[in-house]
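Worksheet: the structure to be examined is printed underneath.
Keep in mind the model is a prediction, meaning the values are calculated, not measured. What you see below is based on every heavy atom in this structure, not just the backbone, and it leaves out hydrogens, waters and symmetry mates.
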There are 2 protein chains.
Amino acid sequence: MGASKSEFFSEQQNEMASLFKAISHPARVAIIEYLLRVDSCICGDIVNELPLAQPTVSQHLKELKSVGIIKGNIEGTAICYCLNPDTMKKLENYFSGISNNLIMKCC
Amino acid sequence: MGASKSEFFSEQQNEMASLFKAISHPARVAIIEYLLRVDSCICGDIVNELPLAQPTVSQHLKELKSVGIIKGNIEGTAICYCLNPDTMKKLENYFSGISNNLIMKCC
DNA sequence: TTTGTTTATCGTAATATTGCAATATAAAAA
DNA sequence: TTTTTATATTGCAATATTACGATAAACAAA
């Protein structure tokens with residue numbers, strides 16, 4: 001065992017779970033908050049900002065990119081990473097949808 | 001290694017990452033959506049709803065409860081689980097805060 | 001007390017994640 | 001071309017997660 005039985009859940013449930021998994025690590029939360037904070041869409045500065053080795057940061061960026069949370073643009077030798085507004089909106093909508101349907105029923 | 005270096009990140013970043021990790025599995029997304037859907041705060045029916053064995057569901061419920069996403073009330077032999085509105089609001093606010101600060105800068 | 005019902009815990013196998021040194025790749029600069 | 005700079009990939013060890021059978025715990029009903 002060990003592999004999650006994703007085939008038994010809906011495509012939408014698997015997609016949301018993948019998005020959440022991508023931001024389920026403090027380093028990746030920190031990357032998102034850093035990209036939100038900096039004025040320009042700083043690139044490899046993320047490596048300097050985080051207390052992790054360059055290959056580790058590169059791996060985290062890859063995970064965020066693979067689910068569409070960030071986008072990367074090549075600019076010469078460097079790469080410019082930034083947040084994907086569409087995905088952020090999707091996450092926001094998911095929880096506002098929950099809040100709207102959450103009429104206190106019990107407990 | 002394999003253990004994430006959570007001590008190097010802020011308390012808030014670790015807390016958000018923990019919340020996201022709790023919902024980073026399709027079964028746990030399904031539990032949330034089920035609790036949102038059902039009229040009454042159904043309890044062990046979650047086990048019947050999911051394509052997983054009872055101990056597995058129990059473990060997933062424990063993880064959701066440990067980070068405060070759901071609450072559990074003992075009702076005789078059964079236990080009544082329901083969503084925690086405070087935590088849901090916290091998640092909603094996190095992403096609306098991101099959206100509000102997300103002025104398209106680049107990429 | 002005994003039985004049935006409901007949920008939790010333990011133990012363990014299969015699999016996934018995290019982190020980094022070493023190395024590779026790619027483009028700019030010299 | 002050679003060197004430098006920036007980022008990605010590989011390989012591997014340490015650790016975490018997922019799933020479930022077996023079993024325990026807690027309580028109600030008989």
Side-chain angles (χ1 to χ4, degrees), chain A residues 1-9 13-14 17-31 34-35 40-67 70-82 107, chain B residues 1-9 13-14 17-31 34-35 40-67 70-82 107:
Chain A
M1 311 292 143
S4 74
K5 301 180 125 186
S6 52
E7 66 274 21
F8 293 121
F9 299 98
Q13 287 167 340
N14 278 301
S18 293
L19 285 178
F20 298 139
K21 179 180 275 181
I23 51 177
S24 72
H25 190 289
R28 298 197 289 268
V29 170
I31 289 172
Y34 179 72
L35 288 177
S40 61
C41 168
I42 306 292
C43 326
D45 296 355
I46 299 167
V47 173
N48 299 323
E49 182 75 5
L50 296 186
L52 298 168
Q54 179 268 322
T56 308
V57 175
S58 183
Q59 198 176 272
H60 283 309
L61 289 168
K62 188 182 177 184
E63 283 177 72
L64 289 171
K65 196 179 170 193
S66 75
V67 297
I70 62 173
K71 293 193 274 190
N73 273 38
I74 298 170
E75 294 194 355
T77 330
I79 293 187
C80 173
Y81 281 111
C82 58
C107 294
Chain B
M1 308 293 147
S4 74
K5 301 181 124 186
S6 52
E7 66 273 21
F8 293 121
F9 299 98
Q13 287 168 340
N14 278 301
S18 293
L19 286 178
F20 298 139
K21 180 180 273 183
I23 50 176
S24 73
H25 190 290
R28 298 197 289 269
V29 170
I31 289 172
Y34 179 72
L35 288 176
S40 61
C41 169
I42 305 292
C43 327
D45 296 355
I46 299 167
V47 173
N48 299 322
E49 183 75 3
L50 295 185
L52 297 169
Q54 180 268 323
T56 308
V57 174
S58 184
Q59 197 175 272
H60 284 310
L61 289 168
K62 188 182 177 185
E63 282 177 72
L64 288 171
K65 195 180 168 191
S66 76
V67 297
I70 62 173
K71 293 194 275 191
N73 273 38
I74 299 170
E75 294 195 354
T77 331
I79 293 186
C80 174
Y81 282 111
C82 58
C107 294

Quick one: does B:Gln54 reach the base of C:dA8 with a side-chain donor-acceptor pair under 3.5 Å?
yes

Practice task
Check whether any side-chain N or O of A:His60 sits under 4.0 Å from OP1 or OP2 of C:dG19, and answer yes or no.
Solution key: yes

Of C:dT7, C:dA21, D:dT7, the nucleotide closest to the side chain of A:Ile79 is D:dT7

| Under 30°, 30 to 60°, or over 60°: which ring-plane class applies to A:His60 and A:His25, parallel, tilted or perpendicular? | tilted

To the nearest angstrom, the CG-C1' distance between A:Leu61 and D:dA6 comes to 13 Å

The nucleotide from C:dT18, D:dA22, D:dA28 with an atom nearest the side chain of B:Thr77 is D:dA28

Item to complete: Give one of base, sugar-phosphate or nothing for B:Glu63, where a contact means two heavy atoms less than 4.0 Å apart.
Response: sugar-phosphate

In whole angstroms, the gap separating P of D:dA16 from NE2 of A:His25 amounts to 11 Å

Rounding to 0.5 Å, atoms CD1 (B:Ile31) and CD (A:Gln13) come to a distance of 10.5 Å

Note: for A:Thr56 and A:Ser6 on DNA chain D, the residue whose nearest nucleotide lies more 5' is A:Thr56

When rounded to whole Å, the NZ to P distance for the pair B:Lys62 and D:dA19 reads 16 Å

Side-chain atoms of A:Lys5 come closest, of C:dC20, D:dT18, D:dC20, to D:dC20

B:Asn73 CG to C:dT6 P, in whole Å, measures 18 Å

Rounded to whole Å, the NZ-P distance (A:Lys21 to D:dA16) equals 16 Å

Residues A:Val67 and A:Ser18: closest non-hydrogen pair is CG1-O, 4.0 Å

note: A:Phe9, atom CZ; D:dT18, atom P; distance rounded to Å ~ 11 Å

To the nearest angstrom, the CD-C1' distance between B:Gln59 and C:dG11 comes to 12 Å

Under 4.0 Å from OP1 or OP2 of D:dA8: is there any side-chain N or O of A:Tyr81 that close? yes

When every non-hydrogen atom of A:Tyr81 is compared with those of A:Ile46, the smallest separation belongs to CB-CD1, 4.4 Å

Interatomic distance, SG@B:Cys80 vs CD1@B:Ile74, rounded to 0.5 Å, equals 11.0 Å

A:Ile74 CD1 to C:dA28 P, in whole Å, measures 10 Å

